[in-house]
**Student:** 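Dropping the structure in here first, questions after.
In what follows, chains carry the letters A, B, and so on, assigned in the order in which the sequence lines appear, proteins first and then strands, with residues in each chain numbered from 1.
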Protein chains: 2
Amino acid sequence: MQRVFEALASVPRRKILAYLAHAELSAGEIAARFEMSKPSISQHLSILEAAGLVTSEKRGQFVYYRLVPDNLTNTLNGFVQEVCPVARPLKRESKARTGNPDAS
Amino acid sequence: MQRVFEALASVPRRKILAYLAHAELSAGEIAARFEMSKPSISQHLSILEAAGLVTSEKRGQFVYYRLVPDNLTNTLNGFVQEVCPVARPLKRESKARTGNPDAS
DNA sequence: TCGCTATTTAGGAATATACCTAATTAGCGA
DNA sequence: TCGCTAATTAGGTATATTCCTAAATAGCGA
């Protein structure tokens, strides 16, 4: 959990996650989207991987990275549940008389 | 958004948010729950406040802090929607796998 | 007013983070 | 094998973060 929040506390790392949300990409393809050296991107990728937010797979000369969405959503959801339990918003919600069933 | 994620990337600050989830507390009451100097807690509180995650109100000698749950949930939700759009988790809904645990 | 409590501000030291360049490792294909 | 590309590791520097103690600010009540 600590690793996840530390990983997210960086603009380039969140940007990498956003790129990987749309497609699997090689380290080089990721680096090409930033004005930053490849070693720096490699370091960011290793931080994201240590946090369990992405996984990598080597195929030939290339290392492909992709998202692990479960860890991200589970971690953030677990945290939000602790700090802003569902019970509270739900109570407020019942004030509105529109019977809207889907509030997630 | 950057400030929110930076604020969350700290164990003591997340702990403060968890305390404030249950009750409004004065700066001193918060500090009493940590083995850390009051100035350090004060600094953490100012970081949380700058991120819009808590607000403070001075009443007499005391400064009371409370949560601003909307900013927290809106920021995290906005981020999760960008990286893990709802459409994707719903598709693999039947999988139901467990993520890895980590200390907070 | 004075003394006391609550809190923040100021200043400083230790540690961590984020970059960079240079060097290394690994795979591909002639 | 050699030469080339992809990626990471190693080493170093600048900056940011996190903690501390000491000092300042502000309110309360005698």
**Student:** How long is the line joining CG of A:L45 and C1' of D:dT8, in whole Å?
**Tutor:**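 To the nearest whole Å, that distance equals 11 Å.
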
**Student:** Which residue pairs pass the salt bridge (Lys or Arg N to Asp or Glu O under 4.0 Å) test with at least one member in residues 52-62 of chain A, sequence neighbours excluded?
**Tutor:** A:E24-A:R59, A:E57-A:R59, A:E57-A:R66

**Student:** Hey, could you give me the CZ/CD1 distance between B:R33 and B:I41, rounded to the nearest 0.5 Å?
**Tutor:**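 One gets 11.0 Å once the value is rounded to the nearest 0.5 Å.
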
**Student:** Rounded off to whole Å, could you give me the CZ-to-P distance for the A:R3 and C:dA16 pair?
**Tutor:** 14 Å

**Student:** Rounded to the nearest Å, what distance is computed from the CD1 atom of residue A:I41 to the C1' atom of nucleotide C:dC19?
**Tutor:** 11 Å

**Student:** If you assign each of B:V63 and A:M36 to its closest nucleotide in DNA chain C, which residue comes earlier from the 5' end?
**Tutor:** B:V63

**Student:** Using heavy atoms to find the nearest nucleotide of DNA chain D for A:F62 and A:S46 separately, return the residue whose nucleotide is more 5′.
**Tutor:** A:F62

**Student:** Would you mind classifying the nucleic acid contact of B:S26 as base, sugar-phosphate or nothing, using non-hydrogen atoms under 4.0 angstrom?
**Tutor:**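 Result for B:S26 = sugar-phosphate.
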
**Student:** Would you mind reading off the distance between B:Q43 atom CD and C:dG11 atom P, rounded to a whole angstrom?
**Tutor:** 14 Å

**Student:** Verify side-chain contact (heavy atoms from CB on, under 4.5 Å) between B:L20 and A:V83, making sure each step is shown before the conclusion.
**Tutor:** CA-CA 8 Å; B:L20 294 179; A:V83 173; over 6 Å; no

**Student:** Verify the contact: side-chain N or O of A:S42 to OP1 or OP2 of D:dA7, cut-off strictly under 4.0 Å; return yes or no.
**Tutor:**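 A:S42 to D:dA7 OP1/OP2: no side-chain N or O under 4.0 Å.
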
**Student:** Nearest to the side chain of A:Q61 - D:dT17, D:dA6, D:dT18?
**Tutor:**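 For the A:Q61 side chain, the nearest candidate turns out to be D:dA6.
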
**Student:** Let me know the distance between CD of B:E35 and C1' of D:dC20, rounded to the nearest Å.
**Tutor:**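 Computing the B:E35:CD to D:dC20:C1' distance gives 15 Å.
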
**Student:** Once rounded to the nearest 0.5 Å, what's the spacing between atom CD of B:Q2 and atom OG of A:S10?
**Tutor:** 7.5 Å

**Student:** Side-chain N or O of B:S40 versus OP1/OP2 of D:dC20: is the shortest distance under 4.0 Å?
**Tutor:**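 Yes, within the criterion.
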
**Student:** Under 4.0 Å, counting only non-hydrogen atoms across every strand here, what does B:Y65 touch: a base, just sugar-phosphate, or nothing?
**Tutor:**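 Sugar-phosphate contact only - B:Y65 comes under 4.0 Å of backbone atoms but never of a base.
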
**Student:** Nearest whole Å is fine: how far is C:dT8 P from B:Y64 OH?
**Tutor:** 13 Å

**Student:** Nearest whole Å is fine: how far is D:dT8 P from A:I47 CD1?
**Tutor:**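 So the two atoms are 13 Å apart, to the nearest Å.
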
**Student:** Please pick, from C:dT21, C:dT7, D:dC28, the nucleotide with the shortest atom-to-atom distance to any side-chain atom of A:S37.
**Tutor:**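 Closest nucleotide to the A:S37 side chain: C:dT21.
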
**Student:** Using the side-chain heavy atoms of A:P39, tell me which of these nucleotides is nearest: D:dA10, D:dT17, C:dC28.
**Tutor:** D:dA10

**Student:** Between C:dT21 atom C1' and A:K38 atom NZ, what is the distance in whole Å?
**Tutor:**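 Spelled out: NZ on A:K38 to C1' on C:dT21 is 14 Å.
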
**Student:** Do any side-chain nitrogens or oxygens of B:H44 fall under 4.0 Å of OP1 or OP2 in D:dT17?
**Tutor:** no

**Student:** At what distance, to the nearest 0.5 angstrom, does NE2 of B:H44 lie from CZ of B:F34?
**Tutor:** 8.0 Å

**Student:** For B:G28 and A:R59, find the nucleotide of DNA chain C closest to each by heavy atoms; which residue's nucleotide sits nearer the 5' end?
**Tutor:** B:G28

